[in-house]
Amino acid sequence: MQSDMLIAAAESLPQSMTPCSGAPRSTSGGTVLVGYGAVEELTRFAATPGWTVHAPGHPVEVRGIVLAAVASGERAYVHVSADSNAEPHGGTEGFALVREGLDGVVLAVGATLDPILRATEGLDLTVLYAATIRPFDEVGLRTAALAADQADLVLVEPGLPGTSAPQIARTLVHVPHRLLALGGTDVRDEEALGRAVRGFLR
């Protein structure tokens with residue numbers, strides 16, 4: 001059975017294009033590649049200059065992102081997973097503020113948002129949500145880190161752990177901070193996820 005996320009991607013692409021995990025499909029002046037559950041590809045494209053990289057966490061976000069990418073003619077990689085958040089939260093630009101807190105900052109990418117919200121329930125943390133990770137919203141992250149009492153950051157991504165760690169290091173190069181990078185299978189066990197975050201914040 002295909003997931004709602006993959007169906008949303010397929011319905012949003014022109015008829016001449018299909019979701020794939022291989023060769024990119026060209027649009028007028030650009031390229032859009034949709035990868036389904038391909039965490040290695042997500043990590044590879046996130047490290048490749050010149051690509052806009054999206055990791056939407058809800059079918060509504062998938063549709064908006066794919067349609068915008070096709071219309072703009074940009075070179076875009078769209079990571080689609082089998083999991084999704086209960087509600088859409090973000091668009092194609094910047095990090096969305098989901099929760100405010102003072103003890104640290106969580107940056108949740110794509111479908112990792114709902115699990116990390118449940119895992120950190122009761123903790124006084126700012127939670128940012130990203131449906132697009134390249135370009136990286138340096139202003140949004142720096143603003144949240146400086147507003148917290150301490151710049152302890154938890155990065156939770158659907159790809160390999162630490163995919164966006166270099167961007168965080170560059171963004172906060174002048175801000176003393178600590179980073180816990182989680183990804184992939186780390187997100188599937190919410191109890192273990194909560195223990196990891198709580199242990200990091202001690």
Side-chain angles (χ1 to χ4, degrees), residues 1-96 107-116 128-137 155-168 181-189 193:
M1 179 182 294
Q2 293 182 334
S3 76
D4 291 342
M5 299 279 279
L6 185 59
I7 292 171
E11 292 175 345
S12 303
L13 290 168
Q15 292 184 356
S16 60
M17 302 171 64
T18 56
C20 64
S21 214
R25 302 302 177 94
S26 295
T27 65
S28 55
T31 300
V32 177
L33 188 150
V34 177
Y36 179 62
V39 295
E40 293 83 3
E41 282 192 356
L42 173 60
T43 302
R44 177 163 61 90
F45 279 98
T48 304
W51 283 83
T52 299
V53 179
H54 306 283
H58 188 274
V60 170
E61 296 170 8
V62 173
R63 293 186 182 94
I65 283 172
V66 171
L67 289 172
V70 171
S72 69
E74 65 183 355
R75 292 205 305 168
Y77 177 77
V78 183
H79 174 81
V80 177
S81 65
D83 300 319
S84 64
N85 299 317
E87 301 290 338
H89 289 274
T92 59
E93 296 182 4
F95 299 159
L107 175 57
V109 178
T112 69
L113 178 62
D114 280 3
I116 195 65
L128 301 177
Y129 172 71
T132 298
I133 57 172
R134 303 291 184 276
F136 190 84
D137 182 10
L155 171 64
V156 191
E157 302 180 274
L160 300 178
T163 295
S164 295
Q167 284 68 31
I168 290 178
L182 303 170
T185 56
D186 295 331
V187 185
R188 295 176 185 170
D189 186 339
L193 185 61

Quick one: [atom1] on [X] to [atom2] on [Y], what's the gap to the nearest 0.5 Å?
X: Thr163; Y: Arg44; atom1: OG1; atom2: CZ; answer: 13.0 Å
X: Leu182; Y: Leu160; atom1: CG; atom2: CG; answer: 13.0 Å
X: Leu155; Y: Thr112; atom1: CG; atom2: OG1; answer: 8.5 Å
X: Leu42; Y: Arg134; atom1: CG; atom2: CZ; answer: 8.5 Å
X: Ile133; Y: Tyr77; atom1: CD1; atom2: OH; answer: 10.0 Å
X: Leu67; Y: Ser72; atom1: CG; atom2: OG; answer: 11.0 Å

Set out, in order, the CA-CA distance, both residues' side-chain angles and the distance that settles side chain to side chain contact (heavy atoms under 4.5 Å, CB included) for Ile116 and Val187, then state yes or no. CA-CA 8 Å; Ile116 195 65; Val187 185; over 6 Å; no
Report yes if some heavy atom in the side chain of Ser81 is under 4.5 Å from a heavy atom in the side chain of His79; otherwise report no.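 Yes, at least one pair of side-chain atoms sits under 4.5 Å.
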How about Thr52 and Pro135: do any of their side-chain heavy atoms sit closer than 4.5 Å? yes
Heavy-atom donor-acceptor pair, [X] side chain to [Y] backbone, under 3.5 Å:
X: Ser3; Y: Leu6; result: yes
X: Asn85; Y: Asp114; result: yes
X: Asp4; Y: Pro59; result: no
X: Glu61; Y: Ala131; result: no

Provide the closest heavy-atom pair for [X] versus [Y] in the form atom of the first, atom of the second, distance.
X: Gly57; Y: Tyr129; result: N-OH, 2.9 Å
X: Val62; Y: Pro56; result: CG2-CG, 3.6 Å
X: Ser84; Y: Met5; result: CB-SD, 3.6 Å
X: Ala82; Y: Tyr36; result: CB-OH, 3.4 Å
X: Ala55; Y: Val109; result: CB-CG1, 3.7 Å
X: Gly35; Y: Glu41; result: CA-OE1, 4.4 Å

Any donor-acceptor pair under 3.5 Å linking the side-chain atoms of Thr132 with those of His54?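 Thr132 and His54 do have a side-chain donor-acceptor pair below 3.5 Å.
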Residues passing the salt bridge (charged side-chain N to carboxylate O under 4.0 Å, His left out) test with Arg63, sequence neighbours excluded, are Glu11
